[in-house]
K.L.:
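Provided herewith is a single structure, encoded as structure tokens, for subsequent inquiry.
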Amino acid sequence: MSSYHFRNPMTITRISKLILMVCFCYTTSALKAQELKSPDQNLTLKFSLGTAGTPVYELSYKGKSVIKPSKLGFQLKNADDLLNGFEIADTQQSTFDESWNPVWGEVKTIRNHYNELAVTIKQPASDRFIIVRFRLFNDGLGFRYEFPAQKNLNYFTVKEEKTQFALAGDHKAFWLPGDYDTQEYSTTTSNLSEVRGKMKTAVTPNVSQKTFSETGLQTPLMMKSKDGLYINIHEAALINYSTMSLELNDKDMVLESVLTPDAIGDKGYLQAPTQSPWRTIIVSDKAGDILLSKTILNLNEPTKFKDVSWIKPIKYVGVWWEMITGKSTWAYNDLDNVQLGITDYSKTKPNGKHAANTKRVKEYIDFAAENGLDAVLVEGWNEGWEDWFGKTKDYVFDFVTPYPDFDVKELHRYAASKNVKIMMHHETSSSVRNYERHLDTAYKFMVDNGYNAVKSGYVGNIIPRGEHHYGQWLVNHYQYAIEKAAAYKIMVNAHEAVRPTGLSRTFPNLLANESARGTEYEAFGGNNADHTTILPFTRLMGGPMDYTPGIFETKVSAYNPENNSFVHSTLARQLALYVTMYSPLQMAADLPETYHKFKDAFQFIKDVAVDWDDTKVLEAEPGDYITFARKAKGTNNWFLGSTCDEQGRVSKVNLDFLDANKKYLATIYSDAKDAHYEKNPQAYVIKKMRVSKGTKLTQFCAPGGGYAISIIEVQ
């Protein structure tokens, strides 16, 4: 994996660092349990050695148990385990407090304030030692294992990480089946004790999947305790390590880490000095605090890039939804056997449905230019789509050769004349070796032809065969692609890759990932109506998602009579998603001709920002509803979005976050009284009203609906 050694260019707007180092270097017998409190004193961490010298930690919030005593450690391959027989050799506590400005984000400034406990534990029998480092923030805990260079722990292979999260009860959980290859499942909401009984129906077919247990779960795992605590378990800074899933002991309510294996069953190859990713536990008695947490970002390193001026949030349209619905095709012809460099496409018969042709792409470019959008994504532009899928084909794409009807140079010229970028698409068909073989050539081709952003895809089973999407080898590949893209000043939107763990702080050219069921599934039978009331609490905890909202024609049959799927959302909620589903990469996913029919509603998509100075959560309950308010970057304008489940509701919000000395014009895009995501999804109402600080709004949300509001400062 390559690395680039750039200095940190982050603008520090307020930095107040208080470093208090207190070292406790006693004999082993004198050392007792260590305790650490969060800066606001609400969270308490305790660390000790249990029976047989087993490392144990526990966590409480305002006196309530969050994590009961839980074991830490590792099983190693061909070496003694790092599970017990430890003595405490040293402990150090410190405090850290700074503020930093992200390149893009939900807020202008992020405070990074934590108390830290680093415990060095030694295993005398093997003459090895490791450091367990805890960072306790006001909203949660991060901890990791560190392996300093030492004689008896140099190169080693992980058989399994044995990190436990012993829960204090049978919590309500919002969960996905544990899987080494996909997160594209619908969320199941149930008590943890019900996971085993619901797993069979929760596991739905996917083109690449590998579940591992009847009680295996993925992270981020969102839970709510019976005494009102919201708890989220995930990981941060996943680099050169296997992705963590969780195995549930549903008798004792203990979660234990399960790392993704490679093709021969090993879980990780490490060389000291090194460390694990951070294991994160976000906790609060307010649901909105979970959504606002920046702990995962703060546990990642500052950016490595000296120059970040080329990294810009993007609002785009794309030649995409018409293929997803079946109206058009990615492939140029209807052959089922092609070979790159051998098949002469100029001598084949076009199928007449290929969407990525010069004329059609120009129509999208025109639409983007007319509506102030930044870019046009084009999928299916390059040779090889006829037999790309399901063949475990190695040399499947070369990422530079266009179909005969796609004029790269002309489209580059035309887009540039309209001040619009074209977004590259690299579907790898999970032939990772082939992609790495072509990566430099593909990125250079992008630079030469005016592309500055790429959407990559990893559909299907991984090649090399037997590897998994979330294993260490693939994690390193995704990282390699991101860093290689940065060398060419290219921004990345990775689909089917590993779910984010806050790495966008370190590598801000990683604008977004998919890594969940996105809008495309609305054409594959539909997402549950509560889907977007859950994703911000789960998938989005580690970073933005390219969810691709904005579908106005909710009946897929309008584009493809053979497809009876429908979008499980009202049109008004499709607008709300631009606010509730945070991303610096936002797509207006429907077709231009459809947007022409709803110009009044499309105005919100034109107006809404993709970068923010401030974010508020006005209402939130996972699985039921979320209402966000966000302040557009560099302005006094605010945008609100609200999404609810299939029950519908009445939303009541107070605009007390507005400036007291300013006046605003609010444009409200809401569900009509008879709107319903199934029966009447396109029924919406637009109204304007003057608002100011303290204005109270009562807004109807239809079943599967919501609302969007632009609040623009007026003189």
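Note that the structure is a prediction, hence the values are computed from the model and not measured. Every heavy atom of this structure was used, including side-chain atoms; hydrogens, water molecules and symmetry mates were not.
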K.L.:
Taking atom types as modelled, is there a side-chain donor on R111 or S99 under 3.5 Å from an acceptor on the other?
P.N.:
no
K.L.:
Please report the closest heavy-atom contact between D139 and S293, naming both atoms and the distance.
P.N.:
OD2-OG, 2.9 Å
K.L.:
Quick test of your reading of the model: are D440 and K484 salt-bridged, counting only N-O distances below 4.0 Å?
P.N.:
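Yes, D440 and K484 are salt-bridged.
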K.L.:
Partners of K444 by salt bridge (charged side-chain N to carboxylate O under 4.0 Å, His left out), sequence neighbours excluded?
P.N.:
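So K444 forms a salt bridge (charged side-chain N to carboxylate O under 4.0 Å, His left out) with D448.
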K.L.:
Considering all heavy atoms of both residues, which atom of Y451 and which atom of I422 are nearest to each other, and what is their separation?
P.N.:
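What the structure gives for the nearest pair is CD2-O, 2.9 Å.
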K.L.:
Charged N to carboxylate O below 4.0 Å: is that the case for R279 and E235?
P.N.:
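Looking at E235 together with R279, the answer is yes, because their closest N to O distance falls below 4.0 Å.
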K.L.:
Are Y458 and H469 close enough that their ring centres sit under 6.0 Å apart?
P.N.:
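Centroid distance Y458-H469: not below 6.0 Å, so no.
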K.L.:
Is it true that the side chains of T532 and T643 contain a donor and an acceptor less than 3.5 Å apart?
P.N.:
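Per modelled atom types, T532 and T643 side chains form a pair under 3.5 Å.
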K.L.:
Taking only residues two or more places apart in sequence, or in another chain, which ones meet N461 in a side chain to side chain donor-acceptor pair (under 3.5 Å)?
P.N.:
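Checked N461 against side chain to side chain donor-acceptor pair (under 3.5 Å); matches are S208.
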K.L.:
Do Y145 and T163 have a side chain donor and acceptor closer than 3.5 Å?
P.N.:
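Yes, because at least one side-chain N or O of Y145 sits under 3.5 Å from a partner of the opposite role on T163.
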K.L.:
Would F399 and Y443 count as a close aromatic pair, with their ring centres under 6.0 Å?
P.N.:
no
K.L.:
Is any NZ, NE, NH1 or NH2 atom of the basic residue among K455 and E514 found under 4.0 Å from an Asp or Glu carboxylate oxygen of the other?
P.N.:
no
